[in-house]
Amino acid sequence: MIDLRSDTVTKPTDEMRKAIATAPVGDDVFGEDPTVNKLQEKVAGLLGKERAIYVSSGTMGNLLSVKALTKPGDEVILEAESHIIHYEGAGTAMICGVQLRPIAGKRGAITPEQILPAIRPDDHHYPRSALISLENTHNRWGGAVLPLDLIREIRALADEKGLKMHMDGARLFNAQIASGVSAREYAKYFDTVTICFSKGLGAPMGSMIASDAETIDTVHRFRKMVGGGQRQVGIVAAAALYALDHHVSRLADDHKRARRLADALAKMPGVSIHPEEVETNIVIFDVSASLMTPLDIVTKMGERSILMLPFGETRIRCVIHLGVSEQDISETISAFLEVFKK
Ligand SMILES: *Cc1c(COP(=O)(O)O)cnc(C)c1O
């Protein structure tokens, strides 16, 4: 079975399982889990922030970051295809009481020229514009990397207007590997940054929020409130530490394999994709010209033991991760050739 549905499907490697089995643990609600503490210090250092805090998922990371940086009734400006809008169950509405202000972007990016008119004047008719949230890499835009210059310009605007900035960095290390810009350099321009260990890094679960000490203290209080205070969570932190030490530079292999798949798909009849836009590990392509539906194709690939997901009415998404080898890419390309020829 070749599973290209998501980079969340990875299983812990034998070495990672060993790290899990031997991790020293304690009660993290008491702040006494040495492995979690080590992970939090390591991530704070990696991202150049005062502190970092373990949370059980990327969704919880985004939720608690938004919660810490806003008040009920505030507005959050973000790109229209953001994970926060589409895949987090309206948690920011339910739990933070904020309104989202989506802006249609290009390749995951929104510009200062688009953001400026979306920032509300100080008038009691309007919500208070409090936060700009950016996603890097951008999931629904096919793993696109946000340009650093653009982030810098948006930060300057945010400072001028008194807004905070959050980065959903579920795949921040993919951005680092693809662009050569360090995660720390990206993080510099944000008040809060989340990263996920359960995506391309290949750990079974877990995310982190990095920020200043005061914001992390606020997050810690809300984390307890939403049931995110966990006990001997060092068994999970051990997997995350292992992933940070062993699974970051190898993301380059995923990116190379994604591009190889994209290059092959671009030559197939009925497929539309710009391979040069595949910068990281996500391959999204349009199949309308094939006269088959995405579901038809996904089903036919499934019959060949290759799994992927339809992505809307006309597109399919394949995600490359550490469970996908060069050989798997070759087999996937052969299977696609059969399906698109018929
Ligand atoms: C996966 C993902 C998250 C976190 O989702 P979980 O389901 O909580 O792991 C957040 N942001 C982006 C962009 C993601 O791809």
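Source: prediction; values computed, not measured. Indexing begins at 1, ligand by ligand and atom by atom, following the structure's order.
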Does an N or O anywhere in [X] fall below 3.5 Å from an N or O of ligand 1?
X: Asp168; answer: yes
X: Lys199; answer: yes
X: Thr59; answer: yes
X: Asn139; answer: yes

- prompt: Can a salt bridge be assigned to the pair Asp191 and Arg155 using a cut-off of 4.0 Å between side-chain N and carboxylate O?
  reply: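 Yes, charged N to carboxylate O under 4.0 Å.
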message: Salt bridge or not between Arg260 and Glu326? Use side-chain N to carboxylate O under 4.0 Å.
response: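 Yes, Arg260 and Glu326 are salt-bridged.
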Give the atoms of ligand 1, by number and element, whose distance to some non-hydrogen atom of [X] is under 4.0 Å.
X: Gly58; value: 4 (C), 8 (O), 9 (O)
X: Glu135; value: 13 (C)
X: Ser57; value: 8 (O)

- prompt: Less than 4.5 Å apart, any side-chain heavy atom of Val298 and any of Ile316?
  reply: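 Yes. Closest side-chain heavy atoms under 4.5 Å.
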- prompt: Less than 4.5 Å apart, any side-chain heavy atom of Glu279 and any of Thr137?
  reply: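 No, every pair of side-chain atoms sits at 4.5 Å or beyond.
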task: List the closest protein heavy-atom neighbour of atom 5 (O) of ligand 1: residue, atom name, distance to the nearest 0.1 Å.
output: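 Checked against all protein heavy atoms, atom 5 (O) of ligand 1 sits closest to His83 CE1, 3.4 Å.
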task: Anything under 30° is parallel, anything over 60° is perpendicular, the rest tilted; go ahead and classify His138 against Trp141.
output: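 Answer is perpendicular, since the angle exceeds 60°.
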message: Is it true that Thr13 and Tyr242 share a donor-acceptor pair across their side chains at a distance under 3.5 Å?
response: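 Per modelled atom types, Tyr242 and Thr13 side chains form no pair under 3.5 Å.
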- prompt: Does Arg171 have a heavy atom less than 4.0 Å from any atom of ligand 1?
  reply: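 Judged by the 4.0 Å heavy-atom criterion, Arg171 does count as contacting ligand 1.
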Proximity to ligand 1 by part of Thr8, non-hydrogen separation under 4.0 Å: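 It is neither part, as no heavy atom is under 4.0 Å.
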message: Check whether Ser82 reaches the backbone of Ile84 with its side chain - one donor and one acceptor, N or O, closer than 3.5 Å.
response: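 No, Ser82 side chain to Ile84 backbone: no donor-acceptor pair under 3.5 Å.
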